[in-house]
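Quick notes on the structure that follows.
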Amino acid sequence: MNIRFPDGSSHVFEDGMTALDIAQTISPRLAKATLAARIDGKRQDAFAPIHGDHDLQLLTFADEDGRWAFRHTAAHMLAQAVKRIHPEAKLAIGPAIENGFYYDFDTPETFTPEDLDAIEKEMAKIAEEDNKLERFELPRDEAIAYVKELGEDYKVELIEDLPEDAVISFYRQGDFVDLCAGPHVQSTAKVKNVKLMNVAGAYWRGSEKNKMLQRIYGTAFEKRNELDEYVARIEEAKKRDHNKLGRELELFTTVDIIGQGLPILLPKGARVIQLLQRFVEDEEQRRGYQLTKTPFMAKRDLYKISGHWDHYRDGMFIMGDPDDEEAEVFALRPMTCPFQFMAYLNRSRSYRDLPLRYNETSTLFRNESSGEMHGLIRVRQFTISEGHLAVAPDQVEEEFKGCLDLAKFMITTLGFEDDVSYRFSKWDENNTEKYIGSKESWEKTQDMMRTILNDLGVVYTEADGEAAFYGPKLDIQIRNVHGKEDTLITIQIDFQLAERFGMTYTDRDGEKKYPIVIHRTSIGCYERTLALLIEKYAGALPTWIAPVQVKLLAMTDRTHEHTIHLQRLLEQAGFRVESDLRNEKIGFKIREAQVQKIPYMLIIGDKEAESGAVAVRSRKGGDLGTMPFDEFIAKLRAEVDARSHD
RNA sequence: GCCAAUGUAGCUCAGUUGGUAGAGCAGCGCAUUCGUAAUGCGCAGGUCUGGGGUUCGAGUCCCCACAUUGGCUCCA
């Protein structure tokens, strides 16, 4: 048989050789590293015999698909270990995921940390046993009978849901067999470095209507040191957790009796958000936005028009009995759109008014489920850099581009440009009752958005079922220290709400037309942005948004007066400054300012009081030596004006 | 909401089989006036998240509530 490799070269091998055999002919080292194969573009077992002419790529741990096979085998070993220790456990699904794998089990008792230790040990034993993986296929009826006999009810359901003509394959490793499409590595002996991370609840098939299963998360690496490094990296990342750092640095706190998802922004956190907000509002003004300030609540009648009453009611805080049609029922706003639409409706509009750009620093209230709350990232009251644009059809692309440019400007300024990804969030055409509008209008809008994204060269992934109820979105996503992805910024195109609200403009031809509405944020939610800034910079916020930029450290009582004098001068120059006049050693004061991650410390001793110069220390560079006070101010101003974030 | 873990001084954490609550840091006082990441001594600080129960006795055991944290999106 003729085998062609990715580099274009071709070689003839004996028919029936496996990818591993072929790797062996190239080098034993390569054979050892080979975990799976890609044959004519499809992932396959490296231990399966190959017949005929094919393209072949050998997959190692360096390849995503190689890692996938490796960790998927680890998942099977996890299931094998669990079945040995807890034979009553029923198996659900167990895929490889980014950075690891999991397996879902239905067990009468939940797993404890001790159980995990025992299971991990059993997995090590299974690796020792060097069980060879073996694939076999069964016809549908036999497959169902087989898993029924094993008592695996969930597997029965999985097979029944497979298409009639699907190939139903199983993998055997020693005393364990699992329904699986593969591929796998050739032996459990390959998977020696495993760590089970945690147990979590997870609904069968991800639906809360179904039973909650026990999910065990784990990870596996080819080499011991890679596993150790990964675990250390996770520990390291947790040190940047905004939930910990943000509280330590006194940026925010929470209080039981106020309630879940309702953080208190302490003076330093409030300062950072104020600085961001001023920056955003000024930039938006520069870009032709008009600021509105609209009410935090409205009668339910408004939400009935917008569709929130029918499609977002669970997410709203409602005051009064929502079912009492006679009563005046108010609800806190979960979004700003209907309010800014009322501003648009204030007078009749002409095509000359378009594009009309409204912005608002808008506080919103959403009744998130209790388990969804997370630090400052997911809260029940938050403030966003909201905005709505009413545009004519021929302005959509240009205005969308403007929104995207603004978003990118914000992302770059904050230093997030390497951390974000773009997601084109579409509706779920199998679940249309979640949305307003017709299939045609959704498809039209989504096609338009896709065209714009492609025209602008945006690199994005598509996601079904992630749209807003009124239209598709471009979501700019970012990950927190736990690797969990959240939306930072969003830009949405809406063909529907203008009509619902009777928002029109008179076009050149005298006809009344509905504008297209773009919903967008420029920096997103301030609380979330603060959280991600804390994690990005490990609390050492860039100087231009640092709540305290300079700390003056008086050496002795003799220099108090001079220290206060310098503080006044810096404050008058517009900087945020604190002085430490306590009767403590200078090393102690430095340590404290350093722990608080204050960008600059000025040490004011007798020498400085005498000369008028200042001894400068930076949180990053340590002792920078002595410089004239004016030079320090110039340096600081340059850094702030540049909004640098190195 | 669901599955779990956690909740002791402002913070970080000890607290034995159920026997009357402890440390470090922070705070306050005194001494020290010091040159680039922790000066020393002393003082004060607690409804052990809240409520109920078991018990002669509960921080500890049980139940409920609240809050914090991880997961519930990755589909054989």
Side-chain angles (χ1 to χ4, degrees), chain A residues 68 72 75-76 91-104 110-113 143 147 152 154-159 161-162 166-171 178-182 197-217 238 241 243-244 247-248 250 253-262 314 367-375 463 465-466 482-486 553-560 582-595 601-608 615-619 622-626:
Chain A
W68 194 94
H72 194 46
H76 276 214
L91 305 178
I93 55 166
I97 53 175
E98 189 183 356
N99 296 324
F101 61 90
Y102 69 78
Y103 213 110
D104 286 349
T110 56
F111 294 119
T112 63
V147 292
E152 300 293 358
Y154 295 96
K155 300 289 178 186
V156 174
E157 197 179 322
L158 290 170
I159 298 174
D161 282 0
L162 288 174
V167 173
I168 298 166
S169 59
F170 293 83
Y171 279 78
D178 197 4
L179 171 73
C180 183
M197 311 299 283
N198 54 327
V199 190
Y203 296 107
W204 167 237
R205 303 198 136 180
S207 167
E208 60 183 356
K209 295 188 187 80
N210 293 336
K211 184 163 185 186
M212 171 132 315
L213 309 174
Q214 298 287 311
R215 175 172 297 178
I216 298 180
Y217 281 98
K238 281 185 187 155
D241 190 340
N243 231 328
K244 185 169 146 41
R247 290 167 200 268
E248 280 170 10
E250 297 194 318
T253 187
T254 51
V255 179
D256 289 12
I257 54 168
I258 290 181
Q260 243 194 325
L262 298 167
D314 288 348
N367 193 3
E368 303 283 357
S369 320
S370 61
E372 306 284 1
M373 254 71 75
H374 171 68
E466 296 288 347
H482 300 288
K484 191 156 177 153
E485 195 177 275
D486 275 296
L553 311 180
M555 189 76 78
T556 69
D557 293 351
R558 294 189 299 279
T559 57
H560 281 191
R582 293 176 305 171
N583 178 10
E584 296 289 352
K585 289 188 167 179
I586 200 68
F588 178 80
K589 293 185 181 187
I590 286 170
R591 181 188 149 76
E592 212 159 80
Q594 196 79 42
V595 167
M601 290 150 257
L602 299 184
I603 288 95
I604 313 299
D606 291 331
K607 278 187 269 176
E608 289 74 24
V616 182
R617 188 187 160 94
S618 91
R619 66 183 169 195
D623 191 352
L624 301 183
T626 301

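All values below were derived from every heavy atom in this structure, side-chain atoms included, with hydrogens, water molecules and symmetry-related copies excluded. Sequence lines set the chain letters: A, B, ... in the order given, protein chains first and strands last, and positions in each chain run from 1. What you are looking at is a predicted structure, and each value in this text was computed from that prediction instead of being measured.
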List in chain and number order the residues that pass side chain to side chain contact (heavy atoms under 4.5 Å, CB included) with [X], two or more places apart in sequence or in another chain; answer none if no residue qualifies.
| X | value |
| --- | --- |
| A:Ala202 | A:Asp104, A:Arg215 |
| A:Ala615 | A:Ile603, A:Glu608, A:Thr626 |
| A:Thr556 | A:Arg558, A:Thr559, A:Asp606 |

How would you label the contact of [X] with the nucleic acid (heavy atoms, under 4.0 Å): base, sugar-phosphate, or nothing?
| X | value |
| --- | --- |
| A:Lys155 | sugar-phosphate |
| A:Gln214 | sugar-phosphate |
| A:Ile586 | sugar-phosphate |
| A:Val167 | base |
| A:Ile168 | base |
| A:Gly375 | sugar-phosphate |
| A:Ala166 | nothing |

Atom pair [atom1] ([X]) and [atom2] ([Y]), whose distance is rounded to the nearest 0.5 Å:
| X | Y | atom1 | atom2 | answer |
| --- | --- | --- | --- | --- |
| A:His72 | A:Cys180 | NE2 | SG | 3.0 Å |
| A:Asp256 | A:Leu262 | CG | CG | 12.0 Å |
| A:Leu553 | A:Arg617 | CG | CZ | 9.5 Å |

Pairwise [atom1] distance, [M] and [N] [rounded to whole Å]:
| N | M | atom1 | result |
| --- | --- | --- | --- |
| B:A23 | B:A9 | P | 14 Å |
| B:U33 | B:U69 | P | 47 Å |
| B:G29 | B:G71 | P | 45 Å |
| B:C48 | B:U60 | P | 10 Å |
| B:C11 | B:A26 | C1' | 7 Å |
| B:C30 | B:A44 | P | 16 Å |
| B:U8 | B:U47 | P | 13 Å |

- Message: Taking A:Gly587's backbone N and O only, do any of them form a donor-acceptor pair with A:Arg591's side chain (distance below 3.5 Å, no angle check)?
- Response: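 It does not hold such a pair.
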- Task: Give the C-alpha distance, both sets of side-chain angles, the deciding distance and a yes or no for side-chain hydrogen bond (donor to acceptor under 3.5 Å, both in side chains) between A:Asp178 and A:Tyr103.
- Result: CA-CA 12 Å; A:Asp178 197 4; A:Tyr103 213 110; 2.4 Å; yes
- Item | Structure string for RNA chain B in dot-bracket form, Watson-Crick and G-U at under 3.5 Å, | interchain | (((((((..((((.....[..)))).(((((.......))))).....(((((..]....))))))))))))....
- Query: Taking the nucleotide of RNA chain B with the closest heavy atom to each, which residue, A:Asp623 or A:Ala181, is nearer the 5' end?
  - Reply: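 Whichever sits nearer the 5' end wins; that is A:Asp623.
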- Tell me which of A:Met212 and A:Glu248 sits closer to the 5' end of RNA chain B, going by the nucleotide each one is nearest to.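 Of the two residues, A:Met212 wins.
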- Among B:U36, B:U33, B:U69, which is the nearest nucleotide to the side chain of A:Ile590?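 Of all the options, the side chain of A:Ile590 is nearest to B:U36.
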- Item | Closest to the A:Ser169 side chain, choosing from B:A76, B:A37, B:G35 |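 The answer is B:A76, which lies nearest to the side chain.
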Between [N] ([atom2]) and [X] ([atom1]): distance, integer Å:
| X | N | atom1 | atom2 | value |
| --- | --- | --- | --- | --- |
| A:Leu213 | B:A4 | CG | P | 12 Å |
| A:Arg247 | B:G7 | CZ | C1' | 13 Å |
| A:Arg582 | B:G29 | CZ | C1' | 15 Å |
| A:Asp241 | B:U12 | CG | P | 13 Å |
| A:Met555 | B:U36 | CE | P | 8 Å |
| A:Trp204 | B:C72 | CH2 | P | 17 Å |
| A:Asp606 | B:U36 | CG | C1' | 16 Å |
| A:Asp486 | B:G71 | CG | P | 11 Å |

- Message: For B:G35, does the base pair up with any side-chain atom of A:Glu608 as donor and acceptor (N or O, under 3.5 Å, distance only)?
- Response: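 By the distance-only test, yes, there is a pair.
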What N/O pairs connect the protein and nucleotides 73-75 of chain B at under 3.5 Å? Give each pair on its own line.
from	atom 1	to	atom 2	distance (Å)
B:U73	OP2	A:Gly206	O	3.1

side-chain hydrogen bond (donor to acceptor under 3.5 Å, both in side chains) with [X]: which residues, sequence neighbours excluded?
| X | answer |
| --- | --- |
| A:Lys238 | none |
| A:Glu584 | none |
| A:Tyr171 | A:Asp45, A:Arg135 |
| A:Asp314 | none |

- Checking side-chain contact (heavy atoms from CB on, under 4.5 Å) for the pair A:Leu158/A:Ile93: CA distance, chi angles, key distance, verdict? CA-CA 9 Å; A:Leu158 290 170; A:Ile93 55 166; 3.8 Å; yes
- A:Tyr217 and A:Asn99: side-chain donor and acceptor closer than 3.5 Å?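 A:Tyr217 vs A:Asn99: no donor-acceptor pair found between side chains.
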- Whether over 12 other heavy atoms sit under 6.0 Å from A:Glu250 CD: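 No - once you tally the heavy atoms of other residues, nucleotides and ligands closer than 6.0 Å, there are 12 at most.
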Polar atom pairs (N or O), protein with nucleotides 64-67 of chain B, under 3.5 Å:
from	atom 1	to	atom 2	distance (Å)
B:A67	OP1	A:Gln260	N	3.4
B:A67	O2'	A:Asp256	OD1	2.8

Contact list (N/O, under 3.5 angstrom) for nucleotides 38-45 of chain B vs protein:
from	atom 1	to	atom 2	distance (Å)
B:A38	N7	A:Arg591	NE	3.3
B:A38	N7	A:Arg591	NH1	3.2
B:A38	N6	A:Arg591	NH2	2.4
B:A38	N1	A:Arg591	NH2	3.1
B:U39	O4'	A:Lys585	NZ	3.4

- Item | Presence of salt bridge, A:Asp557 and A:Arg582, under 4.0 angstrom |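 Judged by the 4.0 Å cut-off on N to carboxylate O distance, A:Arg582 and A:Asp557 do not form a salt bridge.
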- B:A4 phosphate, OP1 or OP2: any side-chain N/O from A:Thr110 under 4.0 angstrom?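 For B:A4, OP1 or OP2 has a side-chain N or O of A:Thr110 closer than 4.0 Å.
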- Between A:Asn198 and B:A4, is there a side-chain N or O to OP1/OP2 distance below 4.0 Å?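 For B:A4, OP1/OP2 do not have a side-chain N/O of A:Asn198 under 4.0 Å.
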- Message: A:Phe111: which residues meet the ring pair (Phe, Tyr, Trp, His ring centres under 6.0 Å) condition with it, sequence neighbours left out?
- Response: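 Residues passing ring pair (Phe, Tyr, Trp, His ring centres under 6.0 Å) with A:Phe111: A:His86, A:Phe105.
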